[in-house]
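Working notes, beginning with the structure itself.
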Amino acid sequence: MTQFLKTVATFASIQLFIAAVCFNIGKTGPDSYLGGIVAKERRLGEGTEPRVILLGDSNVGFGIQSGIIKDRTHREVVNFGTDVGLGLDYALNAVEPHVRTGDTIVVSYIFESLATDLANGEVETVTRLQCLSPPRRAYFGEALPEYTSKILGRDGLRIPRTFARQAMARIAIPNFDIRTRNVASGFVASVDWTGHYGVPQEPEKIHEFCAPIDTRILDRSIRTLNSFCKSCRAKGVTVVFSHAPTTRENYETNGEQLRDLHRELVSRLEFPVIDEPGDQQYDRELFFDSRNHLTEKGGQLRSQLVGNSLARIVYGSTAPRTASSATTAN
Amino acid sequence: MFLPVVWSLYWLIGRRRPQNVLLLCASYFFYGWWDYRFCGLMLGSSLLDYFIGRSLDRTDDAKRRKALLTASIIANVGVLCIFKYSGFFLDNLRTLTESVGLNPGDLTFNIILPIGISFYTFQTMSYTIDIYRRQLKPSESLIDYLGFVSFFPQLVAGPIERASNLLPQFHKDRTFNYEFAASGCRLLLWGFFKKLVIADRLSLIVDKAYAAPGEFQGPFLAFATVCFAFQIYCDFSAYSDMAIGTARLFGISLMRNFNYPYLSKSLGEFWRRWHISLSTWFRDYVYLPLGGGRVTPTRRFINVMITFLVSGLWHGAAWRFIFWGGINGAGVAWDSQRAASRKARGLPEPARRSWPIEYLSAIYRTGVTFSIVCLGWIFFRADTFTDAFVVIGRVFADCASGVGFAALKAELRGDTLVTAACLVGFAVFEWLQQNKECPLEITWIPRPVRWGIYTGTAWASIVLLPLLESGDFIYFQF
């Protein structure tokens, strides 16, 4: 028995050692795309003047340039575009405590973030973020039981899987982080992600895909967004929604679904939608790795479009901009 | 946490009786964790057979003994019928009454299928039947007997243990054996790998193809069917390996349930290597009582078919499973008929041929056997008969006309290619290690290398883990 216990303990120690090595190599660094949230959160708490907060997934992080928005609105801009895998609750709950009177928030999520499983976030992405040093606060909201059950159940194995895979990739692939947009350049100043701006992906690699709307998840997303809007309004904050960019081809293929989503949002959201999905279609060459991540040029076009709408909201009429009045910046 | 805690307490106690009490409590806790209400059902079923077993032993009156046995069988099969087959019977009754123009009214009976019910009822039935046949003495200790029925490693998906093998181990003192426990750990690790890497990865391909078979071409459906053959093997044999491995940590030996079945050269051999505990159960308690093979050829055919049709029904309450049993039964009957006919005509065994011919012949026969098994699996996996015939039609039509191979090649990329590579690697490793009980039995390799392989297996299981919403074992539903 003693020999057996010694053998098991030795074997387990080796596995723990490997796990620790994987964790150290594979963990998310504070200068990475995901780890940049630390700086983004810090920036949310700075200053006292009213700001424009760009809130959403990576379509915001990569696709809107804070400088252009600032030129149009003459306000400080915080780009809180985060990893789509964190889910809807995470970003909303992270921003909500920091908003102040006079702020304008532009919420922009891709179709999948609102109407498919992605709205709940991914265990692996959340895990990577939680293991940042210092440990991040959890902003799970309603999703907490879902995450907990996954982590405690069979899917708990996804945690070592996340770190082991990331560690293997870092060891095997030269410049892995740079290649996979994990390192941000210049985000501290503007909190935008500019890591891959100006490097368009080969068009055929930009997949055209739109999952069907899951009405149960969309209902929940709309409830969450309305609840967020209610808290913000109570603090004197304006909230608007803007659609995510997409390729012209994707709009042709999945336009009907995107318009269905738009109709649902317009009729059920308790804050205005400032554009239509059709306003946010761009040429393939303006995307660098997916149909939601714009290149630098694409980002400029989109930022001008959103900036003009915001200028009207901040300084002029608060009426939402409609498709008919949209300037075709793209 | 459950296993380390129970294991530590078990060996800390060190004495047989308290150990058996601990195993019994742990087993009921394990079962009750899923749904505590069904602990009562398992206890009731066990107690019934315990007391019937004792009564059988006390009487020599043939009529009374037969009545007691009948009561036990009716009660056990009745429980199975209520919980597992009532929906199936009512559906068929509704279809039948509607077909003759009658209105059957509201014939619904929604009931949860208690996990593992097919396994433990068969185990208790074998206990009573063995006592009836005077092949087994009833257990003196109720605790030992209840422990045998509910032994948690094999409770929910087998192996279906015989009382004659497992019960005596509950009556004996158990001592810790290093080699025995180490072999259990190897089985656990190999089961873990098979389930997480092979079965769960293959399920992604299989589920995609069988969700809408009409949308895919023949070659991809054939590939998905081969994937299902390995998925169900890796899934079920993984559970068996883990059950046997866990039992060994407690010093208890369970019967082997799989013996590299896809290397079989005939369907009869396949069924001697696949789900051995169930096949032998049906052989001993259905096939042999019907007369077995020592009867006329027609009767032998009927006996084999009855056994396999009942086995199909055991697997699931649907006509697809019965049909699956029929395909296998016909194949086994054909095999046994040929062997019996050769024997009856006094023909000598075929002369040994040169090794390349023998080798090619073995590959050919293994391939044919595997193809027939896969044909059966189509009915097992498809959601409906229509889907199964769509798969078969497309596989034969498209493969014959060469359509769809480009589409299959296009599918074989990314994650699917990784899965296919894992499958090939797994099949080759199993083939190389086919003489071992567990392919990880590599004790002749120096320890550092051996541990490297074990570590690689453990981490491969984690790194290659697919993203699934649910990774339950397939045989839990039976």
Kindly compute the distance separating CZ (A:Arg161) from CG (B:Leu196), expressed to the nearest 0.5 Å. 11.0 Å
Hey, what do you get for CE (A:Met168) to CH2 (B:Trp459), rounding to the nearest 0.5 Å? 10.5 Å
If you count heavy-atom pairs within less than 4.5 Å of chain B, which of A:Thr162, A:Ile14, A:Ile18 leads? A:Ile18
What distance do B:Trp451 atom CH2 and A:Gln15 atom CD have between them, rounded to the nearest 0.5 Å? 9.0 Å
Considering residues, nucleotides and ligands other than B:Glu215, do more than 12 of their heavy atoms fall under 6.0 Å from its CD? no
Apply salt bridge (Lys or Arg N to Asp or Glu O under 4.0 Å) to A:Asp57 and list each qualifying residue two or more places apart in sequence or on a separate chain. none
Please state whether the rings of B:Trp7 and A:Phe4 are parallel, tilted or perpendicular, taking 30° and 60° as the class boundaries. tilted
Taking ring-ring contact (aromatic ring centres under 6.0 Å, His included) as the definition, give me every residue that meets it alongside B:Phe30, ordered by chain and number, with sequence neighbours left out. B:Phe2, B:Phe152
What do you reckon, is CZ of B:Arg17 surrounded by more than 12 foreign heavy atoms closer than 6.0 Å? no
Distance col, row B:Ile462:CD1 vs A:Phe163:CZ, nearest 0.5 angstrom, shows 13.0 Å
